[in-house]
Every structure is written in structure tokens, then in C-alpha cells.
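Have a look at the structure below, then the notes.
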Amino acid sequence: MLFFRKNYETYSDEKLLTLVAKGQEQAFNVFYQRYAGRMHYYFLRMLHQDEERANDFTQDLFVKVIEHAAKFDPTRKCTTWLYSIASNMCKNEYRRLSRWNKHQEVFHQEVAETVEVPCGESGYLPENLDRQLFGRYLDRAISELAPAHRECFLLRYREEMSIREISQILDCPEGTIKSRLHYCLKKLSTKLKIFRPDHLDQKSVDYGKKTR
Amino acid sequence: MEKRHDKLNAELENLLLTKSFAQLKADEKTAVEAQLTQEEYAAFRKVLLESRQLFWDSQKHEAPLTSLRLKQLVRNKQNQSPIWAWLHWLINYPLPTWQPALGMLAIIAFFFSPFSYSAKSNPVAEPVYVYKVDTVYRNITDTIYREKPADEEAKLEQQAKAFSKTSKRLAKNKKQSSPKATKNNGQSRVVRQQKQRKQQPATAPDDLLALHVDSTIFNKNEPFHMKRDSGHSLNEVKGIMDFFVEIN
């Protein structure tokens, strides 16, 4: 019997979605394993590191996937469709939050306070402290970006999507995506100017070679 | 001051990820300096590489466990009949709230608006009169009296004698068919003629012999209309005859 068992792991995302639409539980499990982690991280980043909300949103996203799997156009890329739904969910959440406009204000204030760190005589942090803290503050500074910019940054450098794919997901021109990415880098580098800009030069080649 | 681009193009991004400013070739340096200063390039590069490292580490991010609810949803999908799936789609069809709200308002406005209904606009409220007219035909005998010159009959007799036998027969027939006349004393006399009028329907309202109206529909105060015929009654004729006899 094992011989005839289907190996869903080898199936493409689009094929899996077609099977999910027909109610194949195994196909759904494989699909979930492929994307749940990525989507959870995306929601975590987009929803101010709120773990509980990220869990709920991930769950809701997959509910939508199950319900609307039949509507999925197999000629489109699955990730584009999935991130479009996730992006819209986040936009709705921001809209809901903006009614109070409370949560974000408190959060920004908190981040702004924590980024304040003592500097040395050279204007930069001591080298050992610099290395320890840079990653942490970068994480915070990314969270502090405007949602639209943060989303672009995440999709480009975390999900490694092309500019065209991002423009399809966010439904805006490619030029806008490029300028948003430029703005993100400028904003982050300004926020993190207390850190030494050159200490990564030795290991930069290694980071650049990393591919998924 | 030279123009600075505010878009991160693919070439610049690639250079940022792979080379430090010191490693750039002369032409690459020129291209980079058109957009960024050396410090900016270094800062951008550091942010990009650290971000990638940060995101790389997040690949180990664990996914939340598949909930029973999701599994149940998939199972339900399997058991769904096409009709139910269609109904489900219909019920869950995304519709902006303002559309059904506007629809409800339109229905309420239609039923409760004072301008939506008036008796004038109802065609049933206007009375419709239906007249049923029967034309009745009746035979009428007209009696005509006319003055006839005295020499007319003598002329006829002379003519009759002058013509052939057939003419005589004609004259004889004429004599027989002619109305009863008094003796010719060389004076004019009144001749009585009776004529049978042909049956014909009334044309003008005054000529209506009889008008029958359905009393259940006819709602005005008009009575049944009956007009006397235009001829003379027997009593009137008798009176006239007597008058002429007295004159003679």
C-alpha cells in the first residue's frame, strides 16, 4: 500500500492548492508546513511583534486559503496570491487600529526611548557593544518603519521576491516599490548612524553569498 | 549640485550586497557616487547585510501547529456537495454594507412616501360609461296630400286615346293605380297618396325612433328617450280631410 501512497511533498504549491480545494487533508498539511512559518513571521513583523495576534492572523489566513482555494488561478504564482491576502488582512487591521490611533503611538514612543544609547568619544558605540546591539536595534528600527515601507522591505529582503512580484502583491507600480526600498534604507541608516558603518566589511562577502 | 536618484535600482542593490565601497571598480564607483556618498553607501550596505542576516536567522522560525479547526474545515470541504458549495459562496458573497442599506431605504421610501401613490393615477377610479344602443326598425305609412291641377287628368285621357292599344292598356293601368279622385269639375283638388316608407335606421339623434339604454350602466338622469315619428296620426289626417270637404 505504501507504494501507491501519494508523496505530496514533491507537489507544487499550485497543485497542492487545487487538492486543498477538493478537501485533501494531506495536501493541506503539506501546504501548511511550507507556508505557516513564513506567514507567521510576516504577521509578527507587520503586527508589531504581537505573538498572539500573529497566531490568530496566520490561522485566519489559512481559513481563507481553504475557503477560497477553488478561486485560485493556477496560472498565477501561489506566493503572490498568499501574500496579497496577508497584506490585505494587515491593511484592514491597520485601518481598525487607526480608529483609536493609540496602539501605534504608544509603540513608537517605546521604541524611540529604547534606541537612545550612550555613545563613545568618536561618536560611535564601542566596537564590541556595536556588534551586539546592531542586530537588536535594526530589528526594532524595521518595526518602526511605516507599514507600507516595512512590508516592501520584508518582501524584498526576507522573502526575496522580485520587484515585479512585490508590485503585484501590493498593487502599486514598480517605481513606487523601488523608491520605498530606497527610503527604507535611508531611514534605517539614519536611525542606526550611531553604529559603525564599516565593521561589517570583513564578513560582508559571506552574507552576500548566502542564498536560499 | 548633481541630481540624486531616490530609487533603489537593481545594479546599485547588487553592488551594495556584494562589494564594499573600497572594492568597487572605477566605473562602478562613478555610478554609485551619482546616487550616494561614500558614507551613505557604507551605511546602506551595513543595514542591508545585517537585515539579511537577521532574516536568515528567522528562517528557523517555527510555524504554529495546525489547529483542529483548520483540519475540520478541510474535511468539511471534502463532504460538501456542489449545491452547498454554491450556496455557501452566495451567502458569503462580499457585499459593501451601504448597498443593502440603500436597498432597504429605497423599499421603505417606495411604500411610505406620500408621493408614491395617489387616487388620480389609478385608472380604475375613473368611471367608465358604456352605452348599449339598440336600433329598432318600424314600418311607417305616410299619407301625403297634394294639390293636383284640373286639366291634368283630361290631358292624360286624350293622350291615351291617341296612342296604340298598348298605350291604352297603359293608360288603363294608370287609371286603375291612380288614387281615388273626385269628379273633375274643372277645379283643382286634393289627392290622397299612401306611401310605404322603407325600413331604415335612425341616423341623427332627433330621428331616433327608440333608444334602449342598459339601465344598469347608464348612471345619468337621462330617461328612456322615445321620439314620435315625423308623420301625422290618423286623427290629424281625418281633421284635415274634414277641413278640405268644408272648403269644397
Side-chain angles (χ1 to χ4, degrees), chain A residues 20-25 27-29 32-33 35-41 44 54-55 58-59 62-63 66-67 69-70 134-135 138-139 141-142 153-154 157-159 163 175 178-179 181-186 188-190 192-193 195-201 203-205 207-210 212, chain B residues 4-10 12-23 35-36 38-67 69-80 82 85-86 88-89 92 94:
Chain A
V20 170
K22 289 174 184 170
Q24 289 280 340
E25 198 180 327
F28 174 75
N29 286 340
Y32 187 85
Q33 287 306 316
Y35 282 102
R38 288 168 74 177
M39 298 318 296
H40 185 260
Y41 185 80
L44 201 65
N55 282 341
T58 310
Q59 174 115 341
F62 281 96
V63 168
I66 294 164
E67 283 177 348
F134 189 84
L138 176 66
D139 196 359
I142 290 169
F153 195 77
L154 277 174
Y157 299 113
R158 207 257 171 187
E159 301 304 329
I163 301 289
K178 285 178 187 173
S179 64
L181 288 172
H182 188 270
Y183 177 85
C184 283
L185 287 176
K186 200 168 185 178
L188 290 173
S189 58
T190 313
L192 303 168
K193 65 184 175 189
F195 294 96
R196 289 169 188 272
D198 53 346
H199 84 273
L200 285 172
D201 280 354
K203 55 180 181 180
S204 62
V205 181
Y207 288 148
K209 280 177 185 173
K210 278 183 182 177
R212 259 174 273 173
Chain B
R4 303 289 293 267
H5 299 281
D6 58 348
K7 285 181 182 175
L8 190 68
N9 57 48
L12 178 63
E13 193 182 42
N14 191 39
L15 288 174
L16 282 167
L17 287 167
T18 52
K19 290 179 182 177
S20 68
F21 195 80
Q23 290 168 328
Q35 296 180 49
L36 301 168
Q38 191 175 344
E39 289 77 32
E40 278 176 333
Y41 184 87
F44 275 29
R45 180 172 155 75
K46 184 174 180 175
V47 167
L48 263 185
L49 294 175
E50 276 293 337
S51 302
R52 291 194 80 182
Q53 178 64 37
L54 182 76
F55 294 143
W56 183 262
D57 294 339
S58 75
Q59 294 300 312
K60 296 155 198 168
H61 186 81
E62 283 187 12
L65 292 171
T66 324
S67 71
R69 183 189 163 209
L70 288 173
K71 287 184 177 179
Q72 190 59 46
L73 268 172
V74 180
R75 272 184 227 129
N76 289 347
K77 202 97 181 164
Q78 201 170 16
N79 300 329
Q80 264 182 9
W86 185 81
H88 189 258
W89 172 83
N92 291 320

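Naming: A, B, ... by sequence-line order, numbering from 1 per chain. None of these values were measured; they are calculated from a predicted model. Just the heavy atoms: all of them, side chains too, but no hydrogens, waters or symmetry mates, feed the values below.
Heavy atoms of A/D139 lying under 4.5 Å from chain B belong to its backbone as well as its side chain. Contacts between A/A54 and chain B at a heavy-atom distance below 4.5 Å are absent for every atom of the residue. Of the atoms belonging to A/L44, it is side-chain heavy atoms, and not backbone ones, that fall under 4.5 Å from chain B. Contacts between A/V63 and chain B at a heavy-atom distance below 4.5 Å involve backbone atoms as well as side-chain atoms. Within the 4.5 angstrom heavy-atom criterion, only side-chain atoms of A/F28, from C-beta onward, approach chain B.
Scored by the side chain to side chain contact (heavy atoms under 4.5 Å, CB included) test, A/S179 finds B/K7 as partners (sequence neighbours excluded). Scanning for side-chain hydrogen bond (donor to acceptor under 3.5 Å, both in side chains) contacts around A/Q59 gives B/S67, with sequence neighbours left out.
Both the sub-6.0 Å distance and the 45° axial angle are not jointly satisfied by A/K186 relative to the ring of B/F44.
Annotation: A/Y183, atom OH; neighbour count of heavy atoms from other residues, nucleotides and ligands within 6.0 Å does not exceed 12.
With a 4.5 Å cut-off on side-chain heavy atoms, B/E39 and B/F21 do not count as touching.
Of the listed residues (A/L138, A/L154, A/N29, A/T58), the greatest number of heavy-atom pairs within a distance under 4.5 Å of chain B belongs to A/L138.
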